[in-house]
Amino acid sequence: MSPFDFMINNRSQVFRFTVEHILLVAIAMAVAIALGVPLGILLARRLGLRRWVLGATNIIQTVPSLALFGFLIPVPFIGGIGNKTAVVALVLYALLPVIRNTFTGITGVDRAVVEAARGMGMTDRQLLWHVELPLALSVILAGIRIATVISIGTATIAAAIGAGGLGTFIFRGVASVNNSVILAGAIPAAALAIVADLGLGRAEHQWAVR
């Protein structure tokens, strides 16, 4: 049986696992953006923190995904089997590109523009919201784009700790040595990554040319 025949015959499961996968990534990205963008802005204001924060997030990126899921399971409050641990792991992986691109975007704003805004009497808050963030947004969106694609791929590992998603098919296929079942999980996951990349890339490009 081809993977496409398998997906058609099991379309209700494919749909359910796809929705689970999207929800895992969407929740993780919402949290990563809520944490990462303010942290990136903070680093742009306090350069002394850059080494520690970016160093810590870089270290997290070096930990193999399956190992990170395993490390988080026994952690009180955020660990355990299921969605909660998966979301925490995905957030940790997504933080680096979001923080780094926010920092790069804010610090990359032309200093002449910043000084002109200050000369007009803008407060720090006004400068951030009306000058720095709008000018840095295309760079920030690029970080979110990278983080989203990474999260879609990493979320397939979440099935190993009972969080569901398209990785369920992949692990079933590996266990039964069935390529059609593996591809039933891999193909939709790849399609989601491509759609997310194209969609966010389009938004990034549109903002950059404004």
Side-chain angles (χ1 to χ4, degrees), residues 1-37 60-61 63-69 72 81-98 100-101 137-209:
M1 180 184 297
S2 73
F4 295 103
D5 289 335
F6 179 86
M7 284 190 284
I8 291 170
N9 293 337
N10 297 272
R11 54 187 174 274
S12 61
Q13 280 194 325
V14 173
F15 177 78
R16 178 163 62 88
F17 292 150
T18 301
V19 170
E20 289 176 354
H21 205 91
I22 293 171
L23 285 175
L24 278 175
V25 173
I27 293 169
M29 284 307 304
V31 176
I33 292 168
L35 294 175
V37 172
I60 291 170
Q61 287 283 335
V63 179
S65 52
L66 190 56
L68 183 60
F69 282 109
L72 289 173
I81 300 297
N83 296 345
K84 185 167 59 175
T85 302
V87 168
V88 172
L90 293 176
V91 169
L92 291 175
Y93 275 122
L95 278 176
L96 177 60
V98 176
R100 184 174 56 199
N101 278 51
L137 189 56
S138 63
V139 180
I140 295 171
L141 285 173
I144 293 171
R145 175 186 178 187
I146 293 167
T148 302
V149 173
I150 290 172
S151 295
I152 290 171
T154 307
T156 57
I157 310 296
I161 59 168
L166 292 165
T168 305
F169 279 136
I170 295 173
F171 281 99
R172 281 184 190 172
V174 170
S176 60
V177 197
N178 189 324
N179 288 337
S180 292
V181 181
I182 293 173
L183 290 171
I187 291 173
L192 287 177
I194 291 170
V195 169
D197 185 58
L198 291 175
L200 290 171
R202 184 182 180 88
E204 176 191 339
H205 176 73
Q206 286 181 341
W207 190 267
V209 298

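Just so it is clear, the model here is predicted, and its values are computed rather than measured.
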Taking every non-hydrogen atom, the tightest pair across [X] and [Y]:
X      : Y      : answer
Ala196 : Ile152 : CB-CD1, 3.8 Å
Ile144 : Leu200 : O-CD1, 4.2 Å
Ala160 : Leu66  : CB-CD1, 3.9 Å
Gly165 : Glu20  : N-OE1, 2.9 Å
Ile146 : Pro97  : CG2-CB, 4.1 Å
Ala147 : Ala94  : CB-O, 3.7 Å

> Any sub-3.5 Å donor-acceptor pair from Thr85's side-chain atoms to Gly82's backbone N or O?
Replying inline: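 Answer holds: no.
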>> If we ignore hydrogens and angles and just use 3.5 Å, is the side chain of Tyr93 paired with the main-chain N or O of Ser65 as donor and acceptor?
In response: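 Answer holds: yes.
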Student check: side-chain heavy atoms of [X] and [Y] closer than 4.5 Å:
X      : Y      : result
Phe169 : Met7   : no
Leu183 : Phe6   : no
Ile22  : Leu192 : yes
Val63  : Leu92  : no

>> Using the rule given for side-chain contact (heavy atoms from CB on, under 4.5 Å), can you reason through Leu96 versus Ile60, listing the C-alpha separation, both sets of side-chain angles and the distance that settles it, and then say yes or no?
In response: CA-CA 9 Å; Leu96 177 60; Ile60 291 170; over 6 Å; no
>> Per the side-chain hydrogen bond (donor to acceptor under 3.5 Å, both in side chains) rule, what does the pair list look like for residues 175-190, sequence neighbours excluded?
In response: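 Matches after skipping sequence neighbours: none remain.
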> Applying side-chain hydrogen bond (donor to acceptor under 3.5 Å, both in side chains), which residue pairs with at least one partner in residues 140-150 are found, sequence neighbours left out?
Replying inline: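 Those involving residues 140-150 are Arg145-Asp197, Arg145-Glu204.
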> Which residue pairs pass the ring-ring contact (aromatic ring centres under 6.0 Å, His included) test with at least one member in residues 182-201, sequence neighbours excluded?
Replying inline: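 Non-adjacent pairs meeting ring-ring contact (aromatic ring centres under 6.0 Å, His included): zero.
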>> If we check side-chain contact (heavy atoms from CB on, under 4.5 Å) with His21, which of these qualifies: Val25, Leu23, Leu24?
In response: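 Looking at Val25, Leu23, Leu24, the match for His21 under the side-chain contact (heavy atoms from CB on, under 4.5 Å) is Val25.
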>> For Arg202, is the CZ atom crowded, meaning more than 12 foreign heavy atoms sit under 6.0 Å from it?
In response: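 It does not: Arg202 CZ has 12 such atoms or fewer within range.
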